[in-house]
Every structure is written in C-alpha cells, then in structure tokens.
Amino acid sequence: MSIFDFLTLFGGLAMFLYGMRLMGDGLKESSSGTLKKAMESVTNNQFKAFLLGLGITAIIQSSTATIVITSGLVGAGLLTLHQSIGIIIGANVGTTVTGQIIRLLDLDTGGGATSWLQLFKPSSLAPIALIIGIIIIMGGRLKSSRQIGNIAIGFGILFSGLMNMTAAVNVLTESGMVEGLFTGLGNNPVLGYLTGAAVAFVLQSSSATIGILQAFSASGMMTFKAVYPVIVGVYLGDSVTTGIVCFIGASAEQKRVGIVNILFNIGKMALILIGVAILHQLGFLDGIWDKIVNSGIIANTNTVFNLAASILLFPVVGLFERTGVRLVPDDKEKPNKYQDKLDALNPMFFDTPALALRSCYDILLTLCRSSRANIEKSFGLLENYDEKVYEEIVEEEANLDLLTDRVSRYIVEYLPHIRDAQNAAILDQYYKVVTDFERLGDHAVNIADNAGSMHRLQKKFTKTAISELEILEDLLREILDNVDLAFGKRDVDAAFRIEPLQQVATDMVSKLKRHHLDRMSKGECDIFTDANFENLMSDMQRIADVSTNIGEATLVRVNPELAENEHDYFAALRSGQNKEYNEQFNSAYEKYKDRFRKVAENG
C-alpha cells in the first residue's frame, strides 16, 4: 500500500462524481421541456404524482434536483404542497435506479471475451460510451448533439471512475484497512448510520454515496449488518441537504416541500430500523446478516428499503403535509401582487432551461400586458380625468419597475449557465425586450401626467383635436395588439405587421402636429395646451417606436439568420423595397387617412 493507491482511490472518486454530474446535467438539459410539461400536469392524484417523481428522477439521476425543482414550482404557484408530496416520495424511490445501473460491476460473463455479455461489463461499457459520446459531439448535426454526447461521456467517465475505485479498494484490502473499517461498522450500527449521513451530506447525493459503497463492496469484506445502517444514514444526510437548498431564499410553501421530504425520510428510517431489528430477532435475516454483500445486493437492499417504506407510509402522507404546515409558519402578507411570478425567478431552475426560460417569459408577458393596460387607462384620462385611475397607473408602474429589475438581474445571472444555442437566442430576445416593455409603462405614466396637468389647469383640447387623438389611439391599440401576439405567441406575421403600422403612426403624428398648429394660428386651440400636446405626441410616437423594437426582436428570434444583418434588413423594409411591407403600409395608411378625412368633414 502506498500514497499512489490513495491517489487512485480519490482520483476514481473524482471521476465518478464528475461523470454523474455531467450525465445528470445532460439529462436535465435535454429533457427540461418535457420535464416542465409533465410536472405542471400533476393533479391531486398522489399515485400519478408518485409515478411522475419516480420517472423524472430515474431520468435525470438526482432526487435532490427533482425535489428542488418541485419546490420551485410550488413557490411559483404551479403546484400545491399537497400535489408535491407524491412527487417527493417517487423521487426517493427513483434515485435507486442509479444503484441498479452501477451493479453492472458484479457482472461476470463466464463465457470469455466472445460472449455478448462482455459488452455489458463496465470495462467494455465505459470506452464504448466515451467513443459514442465524442463521435456525437464532434460529428452530430442535431441541436441536442452536445447534450446527448455529454450524457454518453458522463456515463463512460462514471464507470471509469468506479473501476479505478474498485482497483484501489482491492489493493487496500490487502493492507487490512478495509477489513478493520467494516468490522468496526458491523459492530457499531450507530457509527455506520452517522457515516452514511455525513458522506451523503458532504457529497449532496444519495446516489453517489450508494455508488461509493458499491465500489467498496469489491473488497469482499462488507457484510449486510455493516452495510444496512450506512444505507439508512444516507437517507438522512441527503434529505437534510435537499431541505437546506429548498430553504435558501424561499417562500413558506417552498420550505414546506423541504420539510416534508425530511419528515418522510425520518419516517422511512424509523420504519426500516425497527423493521430490520424485528426481522433479525425473529430470525428471518439470519441467512444474510453476516453474508458478504456485493454491488447487486447493496442496490437491491436500497431499492427494497425505499419501495417498501414508500408503500407503507403512503397512507399517512397527509400527516407529513400537516406537520410541515405547522413547522413552517405562513409568510407575512405578500408585498407585491406578482409575488408568485417573482418567486418563480429561482436560481434552482438554472439547470433546467425550460423552467428558467418559462419563469422569464411569464414575467415579460406580465410586463407586456400590464403596460398595455396602463396605456389604455392613460388614454381614458385625456378625456375624463379621474385621480383614482391615475393613482392606479402610478401604483402599477411601481410594480412594473420591480418586475423589470428582478427579471433583468435573473437573466444576467442565468447567462453563464446557458449552453444551448437555441436557449441563448431566446434569452437574447428576452434581454432586448425587457426594457422596452418597461418603457411602454413609462410612456403611460407620462400621458397620465399630461392629463393631470391639463385637469389642474382646467384646460381641454378642442373637439376636433380629441377626435384626431382617438384615431391615433386606435392605431396604437392595433400596434399593441400585434405586440401581444408577436411576443406572447411568437407570431411572425404579427411581428411583421408592427413595422408598417409604426410608419403610419409616424405620419399620423406629423399630421396631428400640423393640424394643431393650424388650429392655434386660427385661435381655435389654447396656446397654453401646446406643451401638453407636444409631450403627448412625443409619448405616442415613442410607444409606436418601442413596439417596433419588440417586433424586430421577435423576428430575429424566429429567424436567427437576420441577426447578422439586422439593421440592413429593417432599413430595406422601410425604404420601400419589400412588396408585402408596402401593401400593408398602404392599406393601413388609407384606413386611417379616411378616418382623418371624415373628422375634417365633420369639423
């Protein structure tokens, strides 16, 4: 035994942990869209939720990730605490799948190198997975090639690390260290329990801890009585780690998810320890108590413990829920009516792109529609001023500023976690439009301020001016309708329609200014309202301009090839070089020009 044997052991451990992380990240990233839809579809049927938690954890290879994501969805209001309990229990069972994969360490073909079973030995699987992974990454043409390749490479590194650990354990066995270690654990179950809890807490993974235990089983000196307390201890260490993550910057409901998971695991541990003690006293475990265990027995023991405990504890899950509610007091009154959406901007979603991007989208869509609602209210104040409505606009603007600040910071924090080009394009669009939506809200406040100024001065626009303003307001409403469709549904046609409508709005603003000057020269309009009118025209023009920015960002998002020559493309549209653009401009121009003509005739 030498220092190099320990280097081999810990180097293998590092490879194992990194391989598990790489494989898990790839699985989460490639399946995040499906995962999001599946978790959002959970009903109050606890059995369905259990199967969902089991399936998701089996896929992404991490019960902690599943429970933390569930906590985030509960905080965002997409799931209730009651709905999450089935997922939590399923996740605890699903995490045992990793151990069943690692049990391939025990495979003994017995048929020589030509046997087909040889392919399933870790010494064969590891290089095959690594070769497949690098081929997919370097030669793949699919958008998901990198994720799929990383999954395969992570699988290969995982087994390479396990083989290194196994080789080191075999050498250390000769020194007597391993025998002494597990003899001590066999004679002191409490020490085994604490060891399992401590290692799982440090590694933040029950799967990794069980995997290490399986690697050590290669020593041939681990007995069932020494191993089972370690396995049970792993449940506590992993659940406490998950609970801590669920508590960080979380709402009361999110914290309760972490508490329920800890309570379930405490119940599971108590049930297993009592059950094993009774069965041992009755003699049912005499055949395996002092038996040497291998990787497969450890995997099966972990699976049976989790599955049996889940079945027995399922009828009392309501008790865990009620206890969690009692232990974690309700949050104080929510400081913002959009608190659920703000809570959804959770860093725990960074490893699950579909959830992180959906959280951003929900905030941005709220910004879009709330700004639009404020603009509509401000238009109403121009003709019938109401101080209560003005206060509503100002209050909502404060909410919009908060949403803008939070989602902007979330996008910046999320950027380093982006690995996929498509997700990067989505985030680029979101970053472009977030300030534009906020500016729409600013212009609504400016228009409301103008209305308030005129009300205090007891000044009004003429009937003709109001009629013309109503035409421009209708044009802006049409533009904003297309903004909602363009961003909300990624409607390319709606995004394209914004461009010619904005040009019509520019012409209409110029027309209104000329008409206003004509009326002032004739003494029809009060000269003291001139500043208000000019400010109003400026804000209405900017509403149209900002809407164009949102439409352009949507077009570039859907057609990434435009990103390289974005400026030239849109400049060409406005210069009259696009037939469709010209037709839409002419149609809208004639529509609103005709309305101006009717106002002139009636004026």
message: For the backbone of Val328 and the side chain of Arg256, can you confirm whether one donor and one acceptor N or O come within less than 3.5 Å of each other?
response: yes

task: Would you please test Val317 and His82 for side chain to side chain contact (heavy atoms under 4.5 Å, CB included) and show each step?
output: CA-CA 9 Å; Val317 293; His82 180 74; 5.9 Å; no

task: Could you tell me whether Asp428 and Arg557 make a salt bridge, using a distance below 4.0 angstrom between a side-chain N and a carboxylate O?
output: no

query: Which atom pair, heavy atoms only, marks the closest approach of Ala299 to Gly99?
result: CB-O, 3.4 Å

message: Just so I know, are the side chains of Tyr414 and Pro353 near enough to count as touching, which here means a heavy-atom distance under 4.5 Å?
response: yes

- prompt: Taking all non-hydrogen atoms of both residues, which atom of Pro229 and which atom of Pro189 are closest, and how far apart?
  reply: CB-O, 3.4 Å

message: Check whether Gln214 reaches the backbone of Ile298 with its side chain - one donor and one acceptor, N or O, closer than 3.5 Å.
response: no

query: What are the two closest non-hydrogen atoms of Thr366 and Asp362, and how far apart are they?
result: OG1-O, 2.8 Å

message: Please give me the minimum heavy-atom distance between Val257 and Ser84, naming the atom from each residue.
response: CG2-OG, 3.9 Å

query: If you look at every heavy atom in Ser206 and Ser63, which pair is closest and at what distance?
result: OG-OG, 4.1 Å

- prompt: Can any side-chain N or O of Gln281 pair as donor or acceptor with the backbone N or O of Ile278 at less than 3.5 Å?
  reply: no

- request: Go through the side-chain N and O atoms of Thr57 and Thr66 and say whether any donor and acceptor fall under 3.5 Å apart.
  value: yes

task: Would you mind reporting whether Ile411 and Cys360 have side-chain heavy atoms less than 4.5 Å apart?
output: yes

message: Assess the residue pair Phe349 and Tyr410 against the criterion (ring-ring contact (aromatic ring centres under 6.0 Å, His included)); give the C-alpha distance rounded to whole Å, side-chain angles, the decisive distance to 0.1 Å, and a yes or no.
response: CA-CA 11 Å; Phe349 291 156; Tyr410 188 77; 8.0 Å; no

- request: Compute whether any side-chain donor of one residue and acceptor of the other, for Asn300 and Gln100, lie under 3.5 angstrom apart.
  value: yes

field: Output field: ring centroids Phe314/Phe47 closer than 6.0 Å
entry: no

query: Does Gly237 offer a backbone N or O that forms a donor-acceptor pair with the side chain of Thr241 under 3.5 Å?
result: yes

- prompt: Out of curiosity, Ile274 CD1 to Leu279 CG, how far, rounded to the nearest 0.5 Å?
  reply: 12.0 Å

message: Are the side chains of Gln83 and Thr70 in contact, using a 4.5 Å heavy-atom criterion?
response: no

message: Heavy-atom count check: over 12 atoms from other residues, nucleotides or ligands less than 6.0 Å from Arg490 CZ?
response: no

field: Separation between CD1 of Ile89 and CG of Leu51, rounded to the nearest 0.5 Å
entry: 11.5 Å

task: Please lay out, stage by stage, how Leu236 and Tyr193 fare under the test side chain to side chain contact (heavy atoms under 4.5 Å, CB included).
output: CA-CA 9 Å; Leu236 177 64; Tyr193 178 81; 3.4 Å; yes

task: Examine the side chains of Asn399 and Lys337 and answer whether a donor and an acceptor come within less than 3.5 Å of each other.
output: no

- request: For residues Leu357 and Tyr430, report the shortest heavy-atom separation together with the two atoms involved.
  value: O-CE1, 3.6 Å

query: Is a donor on one side and an acceptor on the other found under 3.5 Å between the side chain of Ser71 and the backbone of Ile67?
result: no

field: Derivation of the side-chain hydrogen bond (donor to acceptor under 3.5 Å, both in side chains) call for Asn92 and Tyr235
entry: CA-CA 9 Å; Asn92 279 271; Tyr235 304 149; over 6 Å; no

query: Is the number of heavy atoms from other residues, nucleotides or ligands within 6.0 Å of OH (Tyr431) greater than 12?
result: no

message: With salt bridge (Lys or Arg N to Asp or Glu O under 4.0 Å) as the rule and sequence neighbours excluded, what pairs involving residues 314-328 come up?
response: none

- request: Enter the distance from Ile153:CD1 to Ser160:OG here, rounded to the nearest 0.5 Å.
  value: 11.0 Å

query: Heavy atoms, side chains only, cut-off 4.5 Å: are Met222 and Leu213 in contact?
result: yes

task: Dump the intermediate steps for side chain to side chain contact (heavy atoms under 4.5 Å, CB included) on Val232 and Lys268, then the final yes or no.
output: CA-CA 9 Å; Val232 175; Lys268 178 171 66 177; over 6 Å; no

task: Kindly assign one of parallel, tilted or perpendicular to the pair Phe305 and Tyr228, based on the angle between their ring planes and the thresholds 30° and 60°.
output: perpendicular

- request: Go through the steps to decide whether Phe50 and Ile85 satisfy the test side chain to side chain contact (heavy atoms under 4.5 Å, CB included), and finish with yes or no.
  value: CA-CA 8 Å; Phe50 168 80; Ile85 294 176; over 6 Å; no

message: Please check: side-chain N/O of Ser239 versus main-chain N/O of Asn265, any donor-acceptor pairing under 3.5 Å?
response: no

- prompt: Got a donor-acceptor contact below 3.5 angstrom from the Asn306 side chain to the Asn302 backbone?
  reply: yes

task: Answer whether the closest heavy-atom distance between the side chains of Val199 and Val234 falls below 4.5 Å.
output: no

- prompt: Do Trp289 and Lys225 come close enough that some side-chain heavy atom pair is under 4.5 Å?
  reply: yes

